Amino acid sequence: EQIVHYEALTQQKRLSVSDDVPPDLAAEVDRKMIGRVLGNLIHNAIKFTPDRGRISIAAAASNDQITVSIADTGAGIPAEDLPRIFERFYKVDRARGKSGTGLGLAIARHVVEAHGGRIWAESVEGKGATFYFTLPAAK
C-alpha cells in the first residue's frame, strides 16, 4: 500500500522493488501511524538507493509477533552511526542529508515502541541497509 505512494519516484530512479508480505498477516495497530513508519522507511530506502538499485519489503509472523523488514542496496550506514540513527535530529552525513529534519527515524521508533514493538537496523557501509521492526500479531 505504501509503495504505491512512491511509485513515480521508484520508476524515475529505475529501482527494483519487491515485496514478500503474506496477505493473511494481521497486527493490532493504528494503521495510520504504522503507515507513517512504513512510509518513512520506504522513503529513506528510495532516497539513499542509487539508480537501478533494489528495495525489498518483507514481513513474517513468528510466535506472537510480526517482523517487518525494508532492505535496500543503497549507501549503507557507517557502523559508528548505527547506535544513534533513531535519536531525534541525528543525521548520519550532514553533507549528504541536506533535506529532512532528522526526526523520521525517531518518530518511527516512538510509534513502534508505543505499539509494543521494537525497531533496529543492520547495515554494511556501501552495501545497503535493512531496517526491521516488530509488532504484536493480532489475536
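Worth saying up front: this structure is predicted, and the values here are computed from it rather than measured.
Looking at heavy atoms from C-beta onward, Trp120 lies in side-chain contact with Thr134 at the 4.5 angstrom threshold. For the pair Leu135 and Ile34, the minimum side-chain heavy-atom distance is below 4.5 Å. By the 4.5 Å heavy-atom criterion applied to side chains, Phe131 and Val37 are not counted as neighbours. Contact check for Asp30 versus His115: side-chain heavy atoms found under the 4.5 Å cut-off. You'll find the side chain of Tyr132 stays beyond 4.5 Å of the side chain of Ile119, heavy atoms only. A 4.5 Å side-chain heavy-atom check between Lys139 and Glu28 finds at least one atom pair inside the cut-off. Side-chain contact between Gln65 and Pro136 is absent, with no heavy atoms from C-beta onward closer than 4.5 Å. You'll find the side chain of Thr73 stays beyond 4.5 Å of the side chain of Ile55, heavy atoms only.
Asp64 CG: 12 or fewer foreign heavy atoms inside a 6.0 Å radius. Heavy atoms from other residues, nucleotides or ligands lying under 6.0 Å from CG of Asp24 number more than 12.
Atom CG of residue Leu38 and atom NE2 of residue His43 lie 14.5 Å apart, to the nearest 0.5 angstrom. Interatomic distance, Leu103 CG to Asn40 CG, rounded to the nearest 0.5 Å: 10.0 Å. Residue Asp72 holds its CG atom at 10.5 Å from CD1 of Ile57, rounded to the nearest 0.5 Å. For the atom pair OG of Ser56 and CG of Asp20, the computed distance is 9.0 Å after rounding to the nearest 0.5 Å. For the atom pair OH of Tyr6 and CD of Gln12, the computed distance is 14.5 Å after rounding to the nearest 0.5 Å. From Arg88, atom CZ reaches atom CZ of Arg109 across 9.5 Å, with rounding to the nearest 0.5 Å.
Summarising the geometry of Ser123 relative to Ile77, their closest heavy-atom pair is OG-N, 2.7 Å, with the distance given to 0.1 Å. Considering every non-hydrogen atom in both Ala121 and Ile85, the closest pair reads CB-CD1, 3.7 Å. Nearest heavy atoms, Ile66 versus Ala26: CD1-O, 3.2 Å. Considering all non-hydrogen atoms of both residues, Val68 and Ile70 come closest at CG1-CD1, 4.0 Å.
Panel note: side chain Lys13, backbone Thr49; a donor-acceptor pair is recorded below 3.5 Å.
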- Derivation of the side-chain contact (heavy atoms from CB on, under 4.5 Å) call for Val17 and Ile46: CA-CA 10 Å; Val17 180; Ile46 293 167; over 6 Å; no
